[in-house]
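Quick one: the structure is below, and I'll ask about it shortly.
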Amino acid sequence: MTTVTVAVSKPAQKKFKLNVRDFGIVFGLIAIMLLLTLNTGTFLTGRNFINLFDQAAIVGLLAAAATLCIVSGVFDLSSTANLAVSAIAGVMITQHLGVIAGFVGALVVGGALGTVTGLIVVGTKVNSFIGTLAVSIIYRGLAIVITGGAIVAPLPEQLASFQTWTWPSLFGLTAGSVLMVAMTIVLGIVLWRTTFGRRIYAVGGNKEAARLSGIRTGSIHVAVFAISGLCSAMAGMILASRAGSAQPAMALGVELTAIAAVVIGGTSILGGHGAMWRAFVGVMILTVIGNGFNLLHWDTTYQQVVTGVLILLAVAADGLFFRKRAG
Amino acid sequence: MAIQQLDTPERVNRSSAPEITLSGIGKRYGASTVLRDITLSVAPGEIHGIMGENGAGKSTLLKILGGAIGADSGVVKLDDREVKITEPRDAIAQGISLISQELALIPGLSVLENVFLGRWANTGSLLRSGRDADHLERLLAQTGFELDPRAMAGDLPIGQQQQVEILKALARGAKVLCMDEPTAVLNEAEKAKLLKVIRSLARLGTTVILVSHYLEEVLGLVDRVTILRDGQHITTEAASRHTPESLVGLMVGREVDFLLPEVPPVPSEAKTVVQVAGLSSSRVKDVSFTVRQGEILGIAGLVGSGRSETLLAMFGADRTTSGYVRINGRRLRANSIREAIKAGMALVPESRKEQGLVMSRPVDENIALSTLSGRSLGGFVRVAREKAAVSEISHSVDLRGARRGSLIGDLSGGNQQKALFAKWLLNPPAVLLVDEPTRGVDIAAKARIHGMIADLAAKGTAVVVVSSELEEVIGLSHRIHVMRQGRIVAEFDRNASRDEVMTSAFLK
Ligand SMILES: Nc1ncnc2c1ncn2[C@@H]1O[C@H](COP(=O)(O)OP(=O)(O)OP(=O)(O)O)[C@@H](O)[C@H]1O
Ligand SMILES: [Mg+2]
């Protein structure tokens, strides 16, 4: 046996340092809110906040689902097409069986369509971006087929209860906002603390390593798409409830806004990295900016420019971060 | 030697390697200082070894020299001329090429395209791949590597991918070659070939800076050796003044027993745990063997001989076309990793980056990944239990450098390997399949991992070890199978000599 002895040096001292990248985006949101508070008399009012959350409900639900998808390494571009189909289905069921059955029906349809999307993407092994794009075209087409291209609405006497989701509830927030916040929290906990959440991160971060760890990567993706479908249906209910009707072109393009919100919040589009609170912060930033343009009576054309710049900044920060890490 | 065939311009290039002087190089990541005040000079044409424990900062130092990362302080001088190296292309322009621990080829391009990446011979903007092909031909002759220029880089085994990296550096006319653990992924023959190539390059004036954990290799090859410990420069001395013991003492700073452990014989009444019968996949043919309780079976062979693929097929990860695996008499469903894991099988895969770890996630989460459901309640991870289990196993593999929440991608290569090992020991397996268990780990950690494998066997685990290091296979195993072209071609007991095993692996 060979043994040698030499002195060991002391371990390095520990220091505390707040990671700017981790929470920088929160400061961004706070900064925008401060600016608006100082420059308008109406921003920091209960009414405006109720309004803000209500505006954020649709994108918020879609962004929460998009976070699960993106972290697991897939995109779901079919989410708003699914939203339209399930909202239409919800309205049609309402006409025959009543409002409650309509809402339940919408959820069932949304979840089922999401599962189908997942099975298609996993089964065909096509890139999810292209796969869900194709699926979204199919679902929009389906929506036109079942409505004949027309607007569908619940019966006049059902309308009041059909619009439940616009009613004030907890803290005066609309029921739709509360649903969005609740789903964000639930899915956030799922991602953060459950075995399912861990597996989502693993599959998105390194699919082969996940597979060799005994994770059924296909099942994880199907489940994620199914959840995305459920969230789409919820968003569809709220939207239909607000409009008092549903139609095939509902929420066209909003799936991209949701993805933008996720990215602005700081979740990596490369997968395996991100968190639910980031989606919420991203959604709030987009909503508050829109709100600010209104309150300040600015030309809303520029709002798009600002949103675009934000997305670029967020993605660039993401790239920089990963390049550093890879180095 | 083939190297004499180099054409003149390159030889001129090579003989003008600069003297490299690093002074006061420092690097921090957040709260941790990885390198502090490193001052060091490397003479032209010198083969310079850098040694140190896992996490000592060796790769970081090479990456700084190669421009992959920037230093926080200090200067780099080439022949007394201060140079700014902030990007890999700065280093390349100065004739410095970095071949890093994690290879960086473009998998979808051919060998030829990778070697001349971005600097393809051209007239105007027309590519002249014929000229590149001739050039590659000469480089292949010079190094003695056997590679098909048209093969897709991503399809090559790791050993050959690394040869492509070396060719890439040579094609750039590198005057300084920085290699981070180049031999860790090679088998004996390739290793010998590489060392020969390094020697002849140095004779022609190329400076080679080499990180390695192999004591004999370093002592036999390098002119001078630098020791780093905890990010600090300890010494730089002529290799001739060192012995393996003195190196280890300086690196580790404490007592180490780095000999292979005593592996107790398998009791004659030990029952058969693993039975592999006629297993075939696209890459292995009709493989059959058994492993008894407490037995360590070694599989030797060249890269690409089907060693790793045998393990993958057993584990259900590679699709099998015929044959089966029985664990304790129960036949496993084909192609089901989950069933293999349920039966108590564990696979420590060959490549930690591709197959083993989720680099974007924390260390704890990675280690716990394959045994998640065992520590959950109603779908929720029991974080406290997980933390306790992980910290215990981390301690027993001597995992270092992991602070709370640190990502596994931020650990040094050797520590990542330890984490990978820890992941599969979290639930003591009934059958342990290990592929290159000590790749990239330092001498002390290696002894520890060997000890753990021997311990597991002593407690009744059936172990299959694949390694390119013959000493490891021979020293650890009770029996050795040699594979060639997807088949088992020879069987030895533990008294086999290196030469016997080598010969049977090579026979055509
Ligand atoms: N991007 C990073 N962020 C934080 N810490 C890092 C990062 N990269 C490296 N480190 C830390 O720097 C230290 C030195 O790492 P380095 O890779 O240089 O070690 P090494 O000497 O090459 O070890 P090995 O023999 O295991 O390859 C390690 O403690 C590692 O955890
Ligand atoms: Mg290293």
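The sequence lines fix the lettering, A, B, ..., with proteins before strands; numbering per chain opens at 1.
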Check: What are the residues of residues 366-374 of chain B, in order of number, with any heavy atom under 4.5 angstrom from a heavy atom of chain A?
Finding: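 Hits under 4.5 Å: Leu369(B), Ser370(B), Leu372(B), Ser373(B).
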
Item checked: Side chain proximity check, Leu212(A) to Ile337(B), heavy atoms < 4.5 angstrom ->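 They are in side-chain contact.
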
Check: What residue in Lys342(B), Glu365(B), Lys353(B) has the most heavy-atom pairs under 4.5 Å with chain A?
Finding: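 Of Lys342(B), Glu365(B), Lys353(B), Glu365(B) has the most heavy-atom pairs under 4.5 Å with chain A.
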
Notebook entry, point to check: Taking the side chain as C-beta and beyond, is there a heavy-atom pair between Met359(B) and Asn206(A) under 4.5 Å?
Noted result: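 No - every pair of side-chain heavy atoms lies 4.5 Å or more apart.
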
Margin query: Measuring from atom NZ of Lys207(A) to atom CD of Gln355(B), what distance do you get when rounded to the nearest 0.5 angstrom?
Written below: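 Nearest 0.5 Å value for the NZ-CD distance: 15.5 Å.
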
Note to self: So for Lys423(B), is it side chain, backbone, both, or neither that comes closer than 4.5 Å to the heavy atoms of chain A?
What the structure shows: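 Only the side chain of Lys423(B) comes within 4.5 Å of chain A.
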
Next item on the list: Report yes if some heavy atom in the side chain of His273(A) is under 4.5 Å from a heavy atom in the side chain of Leu407(B); otherwise report no.
Entry: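 They are in contact (side-chain heavy atoms under 4.5 Å apart), so the answer is yes.
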
Next item on the list: Please report the shortest heavy-atom distance between Gly272(A) and Ser360(B), naming the atom on each side.
Entry: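 Where Gly272(A) meets Ser360(B) most closely, the heavy atoms are O-OG, 3.0 Å.
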
Check: What part of Val383(B) is in contact with chain A, defined as an atom under 4.5 angstrom from a non-hydrogen atom: side chain, backbone, both or neither?
Finding: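 For Val383(B), the side chain is the part near chain A, not the backbone.
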
Next item on the list: Could you pull out all residues at least two apart from Phe380(B) that satisfy ring-ring contact (aromatic ring centres under 6.0 Å, His included)?
Entry: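 Result, ring-ring contact (aromatic ring centres under 6.0 Å, His included) vs Phe380(B): none returned.
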
Checklist line | Ser213(A) side, atom OG; Arg338(B) side, atom CZ - distance, nearest 0.5 Å | finding: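 CZ of Arg338(B) is found 11.5 Å from OG of Ser213(A).
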
Next item on the list: Report, by ascending residue number, the residues of residues 311-318 of chain B in heavy-atom contact with chain A at a distance under 4.5 Å; give 'none' if the set is empty.
Entry: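 Against chain A, the residues of residues 311-318 of chain B that fall inside the cut-off (heavy atoms, under 4.5 Å) are Leu312(B), Phe315(B), Ala317(B).
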
Next item on the list: Would you name the heavy atoms of Val358(B) and Ala209(A) that are closest together and state the gap between them?
Entry: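 Minimum heavy-atom separation between Val358(B) and Ala209(A): CG2-CB, 4.4 Å.
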
Checklist line | Glu354(B) versus chain A, the contacting section by heavy-atom distance below 4.5 Å | finding: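 It is the backbone, since no side chain atom gets that close.
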
Next item on the list: Report the residues that fulfil salt bridge (Lys or Arg N to Asp or Glu O under 4.0 Å) with Glu87(B), sequence neighbours left out, ordered by chain and then residue number.
Entry: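 If we apply the salt bridge (Lys or Arg N to Asp or Glu O under 4.0 Å) test to Glu87(B), skipping adjacent residues, there are no hits.
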
Notebook entry, point to check: For chain B, which of Gly197(A), Gly214(A), Gly204(A) has the most heavy-atom pairs under 4.5 Å?
Noted result: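 The residue among Gly197(A), Gly214(A), Gly204(A) with the greatest pair count is Gly214(A).
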
